Number of protein chains: 2
Amino acid sequence: MGVTKTNHFTDQQNKIASIAKALGHPARIAIIEYLLKVNACICSDIVDELPLAQSTISQHLKELKNAGLIKGSIEGTSICYCIEETTFAMLKQYFADIIVSVNNQKCC
Amino acid sequence: MGVTKTNHFTDQQNKIASIAKALGHPARIAIIEYLLKVNACICSDIVDELPLAQSTISQHLKELKNAGLIKGSIEGTSICYCIEETTFAMLKQYFADIIVSVNNQKCC
DNA sequence: TTTATACATCGCAATATTACGATATATTTT
DNA sequence: AAAATATATCGTAATATTGCGATGTATAAA
């Protein structure tokens with residue numbers, strides 16, 4: 001089928017999954033890491049940095065933006081893409097909570 | 001094309017992406033959360049818990065296992081699936097480092 | 001006003017994912 | 001040994017993702 005049964009899961013589960021999915025591609029990880037490396041962030045830089053066509057990168061940026069992982073503000077003729085800190089903070093917390101839960105486990 | 005250009009990215013980037021990808025489905029998030037909730041973990045429980053066929057869940061478990069997010073040990077006729085703590089600890093650290101990087105940013 | 005620059009979007013082809021039923025396998029229980 | 005239980009694998013259909021070139025759009029420079 002190929003169609004995810006989104007409605008059978010909680011909003012929280014769908015949210016985490018969609019964020020994780022957005023991070024589930026090496027190009028998008030590379031984009032995030034590049035945005036962290038340089039302090040200013042313009043899309044054309046990324047096009048030079050990655051071995052992908054401009055249209056492909058634009059698509060990846062869109063997915064990262066839809067997932068709330070980056071935000072873009074128009075800066076003249078180019079766009080300043082930046083990390084959306086709160087989403088990453090949320091992820092960090094999510095995994096921190098998992099670690100706490102695991103440490104309380106008796107199993108295995 | 002639909003074929004990810006894995007070889008153009010670093011091993012670390014591909015690794016993080018593949019782990020994130022494995023978490024990029026609500027059923028797999030639900031499985032992880034279920035494994036955390038109950039302390040013992042048998043697949044048939046999960047089949048009762050989730051609105052998916054047994055074969056589908058088995059597939060999801062396989063992907064989580066391949067990504068190193070869970071481990072399964074044979075327990076008689078069933079299998080005890082558990083959280084692989086080190087992988088989650090790695091993820092937590094990865095996001096923690098990102099937060100630190102973002103806080104050092106001057107941009108935006 | 002033309003031209004250049006920086007993205008975004010569209011349309012398409014190749015491939016991957018999701019889900020399921022059917023079936024296989026392996027361990028218990030009877 | 002036969003039946004039951006638990007899980008894995010296979011085959012397949014529906015849909016999603018990835019990537020690219022071509023093209024659209026909007027701002028800035030000439």
Side-chain angles (χ1 to χ4, degrees), chain A residues 1-9 13-14 17-31 34-35 38 40-67 70-82, chain B residues 1-9 13-14 17-31 34-35 38 40-67 70-82:
Chain A
M1 305 213 167
V3 75
T4 298
K5 291 182 155 184
T6 297
N7 56 315
H8 291 122
F9 304 100
Q13 285 167 342
N14 283 314
S18 77
I19 295 170
K21 191 174 186 177
L23 290 173
H25 193 288
R28 295 194 288 266
I29 293 292
I31 289 171
Y34 184 67
L35 288 184
V38 298
C41 22
I42 299 157
C43 181
S44 68
D45 284 0
I46 300 173
V47 171
D48 295 339
E49 186 76 5
L50 299 184
L52 293 170
Q54 179 266 322
S55 59
T56 306
I57 290 172
S58 189
Q59 249 182 193
H60 283 310
L61 286 167
K62 191 181 177 184
E63 280 176 75
L64 288 169
K65 202 169 156 190
N66 286 343
I70 62 173
K71 59 192 164 190
S73 49
I74 296 168
E75 187 91 13
T77 177
S78 60
I79 291 191
C80 177
Y81 277 115
C82 298
Chain B
M1 304 212 166
V3 74
T4 297
K5 291 181 154 185
T6 296
N7 56 315
H8 290 123
F9 304 100
Q13 284 168 342
N14 283 312
S18 77
I19 294 171
K21 191 175 188 177
L23 289 173
H25 192 289
R28 294 194 288 266
I29 293 291
I31 288 171
Y34 184 68
L35 289 183
V38 299
C41 22
I42 298 159
C43 181
S44 68
D45 284 0
I46 300 173
V47 172
D48 295 339
E49 186 77 4
L50 298 185
L52 294 170
Q54 179 266 323
S55 60
T56 306
I57 291 172
S58 188
Q59 251 182 190
H60 283 310
L61 286 167
K62 190 181 177 184
E63 279 176 75
L64 287 170
K65 202 169 154 191
N66 286 343
I70 61 174
K71 59 193 163 189
S73 49
I74 297 169
E75 187 90 13
T77 177
S78 59
I79 291 190
C80 178
Y81 276 114
C82 297

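Basis for what follows: all heavy atoms, side chains included, without hydrogens, waters or symmetry-related copies. Note that this is a predicted model, so its numbers are computed, not measured. Each chain gets a letter, A, B and so on, in the order its sequence line appears, and its residues count up from 1.
A 4.5 Å side-chain heavy-atom check between B:I46 and B:L52 finds every atom pair outside the cut-off.
Relative ring orientation between B:H60 and B:H25 is described as tilted, the plane-to-plane angle lying within the 30° to 60° band.
In this structure, the CG atom of A:D48 is 13 Å from the C1' atom of C:dC7, given to the nearest Å. Following rounding to the nearest Å, B:H60 (NE2) and D:dT7 (P) show an atom-to-atom distance of 16 Å. A:I70 places its CD1 atom 13 Å from the C1' atom of C:dA8, with the value rounded to the nearest Å. As a whole-Å value, the separation of A:E49 CD from C:dA6 C1' is 18 Å. In this structure, the CG atom of A:L64 is 15 Å from the P atom of C:dC7, given to the nearest Å. Here the C1' atom of nucleotide C:dT18 and the NE2 atom of A:H8 are 14 Å apart, to the nearest Å. Straight-line distance from the CG atom of A:D45 to the P atom of C:dT5: 15 Å, rounded to whole Å. Residue B:H25 contributes atom NE2, which lies 12 Å from atom C1' of D:dT15 at whole-angstrom precision.
Residue contacts for B:I57: at a heavy-atom cut-off of 4.0 Å it reaches no nucleic acid atom on any strand shown. Counting any heavy atom pair closer than 4.0 Å across all strands shown, B:K65 reaches no nucleic acid atom. Nucleic acid contact class of A:S58 (heavy atoms, under 4.0 Å, all strands): base.
Mapping A:K21 and A:L61 onto DNA chain C via the closest heavy atom, the residue that lands nearer the 5' end is A:L61.
In terms of heavy-atom proximity, B:I19 sits nearest to B:A67 at CG1-O, 3.8 Å. What you find for A:F9 and A:N14 is that their closest heavy atoms are O-ND2, 3.5 Å. Closest approach of A:P26 to B:T4, counting heavy atoms only: CG-CG2, 3.7 Å.
The base of C:dA8 has none of its N or O atoms less than 3.5 Å from a complementary donor or acceptor on the side chain of A:Q59.
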Candidate pair B:L61 and B:K65, rule side chain to side chain contact (heavy atoms under 4.5 Å, CB included), full reasoning: CA-CA 6 Å; B:L61 286 167; B:K65 202 169 154 191; over 6 Å; no

Evaluation steps, side chain to side chain contact (heavy atoms under 4.5 Å, CB included), between A:V38 and A:D45: CA-CA 10 Å; A:V38 298; A:D45 284 0; 5.6 Å; no

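OP1 and OP2 of C:dA6 both lie 4.0 Å or more from every side-chain N or O belonging to A:Y81. Listed pair B:K62 / D:dT7 fails the phosphate criterion, with no side-chain N or O lying under 4.0 Å from OP1 or OP2.
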Annotated protein contacts, base or backbone, on nucleotides 21-28 of chain D with a non-hydrogen cut-off under 4.0 Å, one of B, S, - each: BB----SS

